Amino acid sequence: ILSAGATARQRDYNETFIFGQEREDFFFAPEAAVTVQNFAPCECALRLSYQYRDNDSNDPFSEFNGERIQLSLRTRF
């Protein structure tokens, strides 16, 4: 199973000022994943996902970007 999605968020900080302006952040994180179901003799699923995270801010100390790769094993009892 292939899946994709994204998270987008705009945040305004009313009481935090950066260089005389209110702090504003825009966060965006697209994600893609591959899931293989019933790959073992159990009700197990193996999932590999990749996410890129980017936070643009007018506060230079709050700006960041990064990547996350996650491998998970899911089972039902």
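Excluded from the calculations below are hydrogen atoms, water molecules and symmetry mates; all remaining heavy atoms, backbone and side chain alike, are included. Not measured: the values here are computed from a predicted model.
Applying the side-chain hydrogen bond (donor to acceptor under 3.5 Å, both in side chains) test to every pair with at least one member in residues 33-42, sequence neighbours left out, gives no pairs at all. The disulfide (SG to SG under 2.5 Å) pairs that include a residue from residues 26-77 are Cys42-Cys44, where partners are two or more places apart or lie in different chains. Here salt bridge (Lys or Arg N to Asp or Glu O under 4.0 Å) pairs that include residues 32-47, with residues two or more places apart or in two chains, are Glu31-Arg47. Counting only residues at least two apart or on different chains, no disulfide (SG to SG under 2.5 Å) pair has a member in residues 9-38.
Asn55 places a side-chain N or O within donor-acceptor distance of the main-chain N or O of Ser62, the cut-off being under 3.5 Å.
Remark: Arg53 engages no residue in a salt bridge (Lys or Arg N to Asp or Glu O under 4.0 Å) (not counting sequence neighbours). Residues satisfying the side-chain hydrogen bond (donor to acceptor under 3.5 Å, both in side chains) criterion with Gln21, sequence neighbours excluded, are absent altogether. For Arg74, the side-chain hydrogen bond (donor to acceptor under 3.5 Å, both in side chains) test picks out no residue, with sequence neighbours left out. In this view, Asp54 satisfies the salt bridge (Lys or Arg N to Asp or Glu O under 4.0 Å) rule with no residue, not counting sequence neighbours. Scanning for salt bridge (Lys or Arg N to Asp or Glu O under 4.0 Å) contacts around Glu24 gives an empty result, with sequence neighbours left out. Judged as a side-chain hydrogen bond (donor to acceptor under 3.5 Å, both in side chains), and not counting sequence neighbours, Ser49 has no contacts.
Two different hydrophobic clusters hold Phe19 and Phe17 under the rule that ILVMFWY side chains link at heavy-atom gaps under 4.5 Å. A single hydrophobic cluster is not seen to contain both Leu48 and Leu2; linkage of ILVMFWY side chains at heavy-atom distances under 4.5 Å, directly or through other members, places them apart.
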Inset, instruction - Check the pair Val34 / Leu46 against side-chain contact (heavy atoms from CB on, under 4.5 Å), numbers first and verdict last. - result: CA-CA 8 Å; Val34 176; Leu46 186 66; over 6 Å; no
Inset, instruction - Before giving the answer on side-chain contact (heavy atoms from CB on, under 4.5 Å), spell out for Asn65 and Asp56 the whole-Å C-alpha distance, their side-chain angles and the decisive distance to 0.1 Å. - result: CA-CA 8 Å; Asn65 60 32; Asp56 288 324; over 6 Å; no
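Chaining together hydrophobic side chains whose heavy atoms lie under 4.5 Å apart places Phe27 alongside Phe64.
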Side-chain donor-acceptor distances from residues 6-16 under 3.5 Å, at least two apart:
unit_1: Gln10; atom_1: NE2; unit_2: Asp25; atom_2: O; d: 3.4
unit_1: Arg11; atom_1: NH1; unit_2: Tyr13; atom_2: OH; d: 3.4

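Here the shortest heavy-atom pairing between Asn58 and Ile18 reads O-CG2, 3.2 Å.
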